[in-house]
Amino acid sequence: GKDPDIAEMDPNKSLSSQQKAKPKQPEKPSDPPLKEDPEYMKFFKMLKMGIPVGAVQNALKKEGKDPEIINMDPTRPLSAQKVSSKSEVSQPKKKPNPPKVARKRLHWNKIDESKLDASSFWNQAKDQSLQLVGLDIDNEEFTNLFTSSINNKAATKSDTKPDTKKNSSKQKVQLIDGRRRMNGSILLAKFKVDYKALAKQVDTMEYVQAEANELRGMMQLLPTKDESLALRSYLPPTDASRSEIDDSINKLGECERYMAVMLDVPDANAKFECMVFRAEFESHAESIRDGTKMLAEACNAVKNSERFQKLLLYSLKLGNALNTGGSNEGVSAITLDSLLKLAEAKAFDRQTSVLHYLVSIVQKNDADVLKLSEDFAPVKAAERVAMDMLSLELTKMDQGIEKLQAVVKNNLPEPNDSGSEREEDELIDSTPMGRFSISAASKIQSLSNEFNNVRSSFTDLLRYFGEDSSMSPEAFFGTINTFISMFDQTHKELVRKEEAKARRKRIEEKQRLRKEEMAKKAKSSRF
């Protein structure tokens, strides 16, 4: 029934004197834990994000708060720790400062106790019955292995250089997620550039010699809201000297240095998007231009081919002859996909198709039509062009140039008092991105006009052949290409059959002549 705390008291002093000196500071149920205290919770959140303790203490100093609060127990209220912290601070003053030692540390990942289940191993391990008993540790051996006095390091000249490099690498301050830091450092290592110069180029949206994917990668490395908070908490205040700010930035890792420099670039994300748009502009414009040109050439080739028109008429006449027996009740027009059915219909010999017969008729009556594939070289390429995708690309470019122009106008130098429209145009023309926006807008308008013309030409082509107005260029030109391929293949088969027939005829003729000659020799030998 005795107080167990008596075992921890000074045996040279009386019990009554120590009980009076022992303060009792009951925790007020109304006081929240430090990690939930509205005044301090953001600092403990910064610590949880991985921000160094020193950076968090700097943030506390900036707001006029005690930096040692970050070292207190976050699960207990501040009022319950003030007295104990004072006694802890006062005790070391009576003792001489211990020698400074370098200690090896184990960088493990701590689990938040509030997230542990009541039946978890770690909560059970708190029970005295589960504590390790008799763990034999040789303190001298432990000290020799894992600690080293800083004053006793008398390194030779050859040893000091690598130690300096190791120390400098350890001094790099890391404020962001490890995986994001690693990926960002890889990208930045490939794109070697002075970050301050890059920040200036981004701010003024000047031309940067980089590919679009590199610019997009750097845009993705811009600091997030939490990363910006961590960086600003670490960096000195804005009114500090330039050298102090630069010194703090140089202590950061590669990725953090890039982010710290980009903090001062206004609208950095929007400006990067403009730079990516400019880097991709020519390739997108060329793709739209090439696709539009292919479609235009294919439309002209199909509509102006006399051979194709003759073949359609031959097909129509042959089909009507088969379906009506030569009466005048035949159809007057057929869809283009009807041509594909010519290869499906077979004669009673089950070998000759209607297409075989059509090719043989054309070969006898109008052999020039057999060269139809020469007219349709542009049609093969047009089958791969999706008009809907071209339209979508043009829409994206229109939206992109509008967004770019808005960013340019928002970042123009201050105009004179007049503020006229002419003066604004001159200001736009005075910036690199402004000049690009004027040139790009003109090119997009030209591409849009060309695309609208070819879309109108294709609509006229569908109307010309009586096809469904909703038919896509891929389906239209694909049908024609399939038929032309079948037509040419059938013609080659007929040619091979005719050559084989002619070869057999020549062989038979030679055999006949040989037999006749042998018969003559036999007859002459009798006489």
Donor-acceptor under 3.5 Å (Ser248 side chain, Glu244 main chain): yes

Carboxylate-amine/guanidinium proximity below 4.0 Å for Glu273 and Lys403: yes

For Asn411, all residues meeting side chain to side chain donor-acceptor pair (under 3.5 Å), sequence neighbours excluded: Lys271

Side chains of Thr224 and Asp226, donor plus acceptor under 3.5 Å: no

Geometric class of the Tyr195/Tyr258 ring pair [parallel <30°, tilted 30-60°, perpendicular >60°]: perpendicular

Glu383/Lys380 salt bridge by N-O under 4.0 Å criterion: no

Under-4.0 Å salt bridge between Lys42 and Glu63: yes

Flag for Asn213-Arg216: side-chain donor and acceptor within less than 3.5 Å: no

Nearest heavy atoms of Ala441 and Gln405, plus distance in Å: CB-NE2, 3.8 Å

Main-chain N/O of Ala197 paired with Asp194 side-chain donor or acceptor, under 3.5 Å: yes

is_close_aromatic(Tyr207, Phe436), centroid dist under 6.0 Å: no

SB check Glu282 Lys443 (cutoff 4.0 Å): yes

Any donor-acceptor pair under 3.5 Å from Ser485 side chain to Asn481 backbone: no

Short side-chain to backbone donor-acceptor contact, Ser457 and Asn453, under 3.5 Å: yes

Under 3.5 Å donor-acceptor, Asp203 side chain and Ala199 backbone: no

Whether Phe458 and Phe477 hold their rings parallel, tilted or perpendicular, with breakpoints at 30° and 60°: tilted

